[in-house]
Amino acid sequence: MKLIHLSDLHIGKRVNEFSMAEDQKYILNQILEIIDREQPDCVVIAGDVYDKSIPSAEAVQILDDFLTRLAGRKIPTAMISGNHDSPERLSFGAQLMKESGIYVSPVYDGQVQSIGFADEYGEVRVYLLPFLKPATVRHVYEEETVESYQDAVETAISHLPLDTSCRNVLVAHQFAAGASRCESEEMSVGGIDQVDVSVFDDFDYVALGHIHSPQSAGRPAVRYCGTPLKYSFSEAGQQKSVSVVELFEKGRVEIREVPLTPLRDMRKIRGTYLELTARSFYQGTNTEDYIQAILTDEEDIPDGMQKLRIIYPNLMRLEYDNRRTRENRQIQQAADAEEKSETELFSQLYELQNNQPLDEEQKQFLEAAIRQVKGEE
């Protein structure tokens, strides 16, 4: 069985006040071309379909066109709501769309929609689990202890009628611990929205949404496909793609990425004002790209943004990297460091180096080592 895994379309999104509608239409057309080539058995969209819970009329039209064209191809499509979506609005008309092969997760009430498929290796069941908050699950299962996101997902999965002898796929929108985030994602204080990847152990493939960088979490078959477009300059160096997933006999899953080429790339350019405006610098490059310019001039350029936009019309951000800004950063970093404990500072360094936080055992070891060095033990 072949799946195409999409997520985090964020239809209707604006980046630095630039509408991404034209770019989104372009990339959705490209995704349809990939679908035509790959001929999957199912397309999954793992949440954050819209960028806002109340999408604009233009955003609704873009999604309507995309789903209509998918339905015309007679390829089943499974879609869930993410934390940016209103589950009530996204699932409006779900019963009607089901008749056209478009399956949308309803508002969570303890019942999780599933879709059955079969191939030469047997049955495959695809479960559609929308974004869950603890309060949502606690309202359904009042007799169970649901205090954290971990509890919420564990409880919801424990009530699924899973047959682990067949192949099971979960479409979900949660933050798996250890995944690497980007600037364009919503952050929760202290990482309270994290769930351990072990909650997904009974699934042969987990199609996740929420994280904007393509990556696996814990094991290859627990995967974020990432956004189809770059939505922050922290993603400037990424290659966006769709994930093509093939399930063979139970226990064998193959995943590959099909790259996407945007209408306009998002990239950073760096140099003095004279360097960035020199014909030799910008000739041969796409000046229509979305640009973050980093000027290294010691003095600010009057009306620098407007002047640079003559050459780079989609300049989104202008920053300076010079003696003054570096000193300001050092002062801020020093002030931040003074407010943090040794454990917090080391934990921050560890996460920067390893793209994942310290686990509880590592924290206990670190705290014991710090106490020993400080002579408290």
Q: Answer yes or no for K250 and Y121: cation-pi contact, defined as NZ/CZ to six-membered ring centre under 6.0 Å and angle to ring axis within 45°.
A: no

Q) Around E299, counting heavy atoms of other residues, nucleotides and ligands shown, do more than 12 lie under 6.0 Å from its CD? A) no

Q: Taking the side chain as every heavy atom from C-beta outward, state whether L308 and Y273 have any atom pair closer than 4.5 Å.
A: yes

**Q.** Which residues share a salt bridge (charged side-chain N to carboxylate O under 4.0 Å, His left out) with E288, sequence neighbours left out
**A.** none

Q.
If you define the side chain from C-beta out and look only at heavy atoms, does anything of Y290 sit under 4.5 Å from V15?
A. no

Q. Is E22 paired with K25 through a side-chain N to carboxylate O contact shorter than 4.0 Å?
A. no

Q.
Could you check whether any side-chain N or O of D8 sits under 3.5 Å from a backbone N or O of H210, counting only pairs where one atom can act as donor and the other as acceptor?
A. yes

Q.
A quick test of your reading: do over 12 heavy atoms of other residues, nucleotides or ligands sit less than 6.0 Å from NZ of K307?
A. yes

Q) Have S213 and Q238 got a donor and an acceptor in their side chains that come within less than 3.5 Å? A) yes

Q) So which heavy atom on A59 is nearest to which on G12, and how close? A) CB-CA, 3.9 Å

Q: State whether the side chain of R14 and the backbone N or O of E17 hold a donor-acceptor pair below 3.5 Å, judged by distance alone.
A: yes

**Q.** Shortest non-hydrogen contact between A156 and L129, atoms and distance
**A.** CB-CD1, 4.1 Å

Q | Presence of salt bridge, R89 and D85, under 4.0 angstrom | A | no

Q. Between Y50 (side chain) and L63 (backbone), is there a donor-acceptor pair under 3.5 Å?
A. no

Q) Under a 4.5 Å cut-off applied to non-hydrogen side-chain atoms, are R73 and D36 in contact? A) yes

**Q.** Hydrophobic cluster partners of Y26 (side-chain heavy atoms under 4.5 Å)
**A.** L263

Q.
Could you check whether any side-chain heavy atom of R223 comes within less than 4.5 Å of a side-chain heavy atom of V206, counting everything from C-beta outward?
A. no

Q. Counting distance only, does the side-chain N/O of K230 pair as donor-acceptor with the main-chain N or O of A236 below 3.5 Å?
A. yes

**Q.** Residues V60, I11; criterion side-chain contact (heavy atoms from CB on, under 4.5 Å); working and verdict
**A.** CA-CA 8 Å; V60 173; I11 298 174; over 6 Å; no

Q: Only counting residues at least two apart or in another chain, list the ones meeting side-chain contact (heavy atoms from CB on, under 4.5 Å) with K2.
A: E38, P40, D41, V244, E246, R256

Q: Walk me through it: do F233 and E319 pass the test side-chain contact (heavy atoms from CB on, under 4.5 Å)?
A: CA-CA 12 Å; F233 286 102; E319 295 181 359; over 6 Å; no

(Q) Counting C-beta onward and ignoring hydrogens, is there a side-chain heavy-atom pair between I269 and F281 closer than 4.5 Å? (A) yes

Q | Atom CD of Q111: over 12 foreign heavy atoms under 6.0 Å | A | no

**Q.** Pair listing, side-chain hydrogen bond (donor to acceptor under 3.5 Å, both in side chains) test, anchored in residues 154-170, at least two apart
**A.** D119-R167, E144-H159, Q150-E154, D163-S165

Q: Start with the C-alpha gap between K133 and Y149, add the side-chain angles, then the distance that decides, and say whether side-chain contact (heavy atoms from CB on, under 4.5 Å) holds.
A: CA-CA 6 Å; K133 292 182 178 179; Y149 280 81; 3.8 Å; yes

Q) Using 4.0 Å as the upper bound for N to carboxylate O, is an ion pair formed by D300 and R324? A) yes

Q. What do the steps show when you test R309 against N314 for side chain to side chain donor-acceptor pair (under 3.5 Å), and what is the final call?
A. CA-CA 7 Å; R309 277 184 174 161; N314 294 313; over 6 Å; no

Q.
Are V195 and F175 packed together at the side-chain level, in the sense that at least one heavy-atom pair is separated by less than 4.5 angstrom?
A. no

Q) What's in the same ILVMFWY side-chain cluster as M1, cut-off under 4.5 Å, chained through other members? A) L3, V44, I80, Y103, I115, F117, V124, V126, L128, V169, V171, Y205, V245, L247, V253, I255

Q: Return the orientation label for the H10 and H84 ring planes: parallel under 30°, perpendicular over 60°, tilted otherwise.
A: perpendicular

Q. Taking 4.0 angstrom as the limit, do K240 and E235 come out as a salt bridge?
A. yes

Q.
Can you see whether D151 engages S148 through a side-chain donor-acceptor pair at a distance of less than 3.5 angstrom?
A. yes

Q: Supply the members, apart from I294, of the Ile/Leu/Val/Met/Phe/Trp/Tyr cluster built from side-chain contacts under 4.5 Å; use none for a lone residue.
A: none

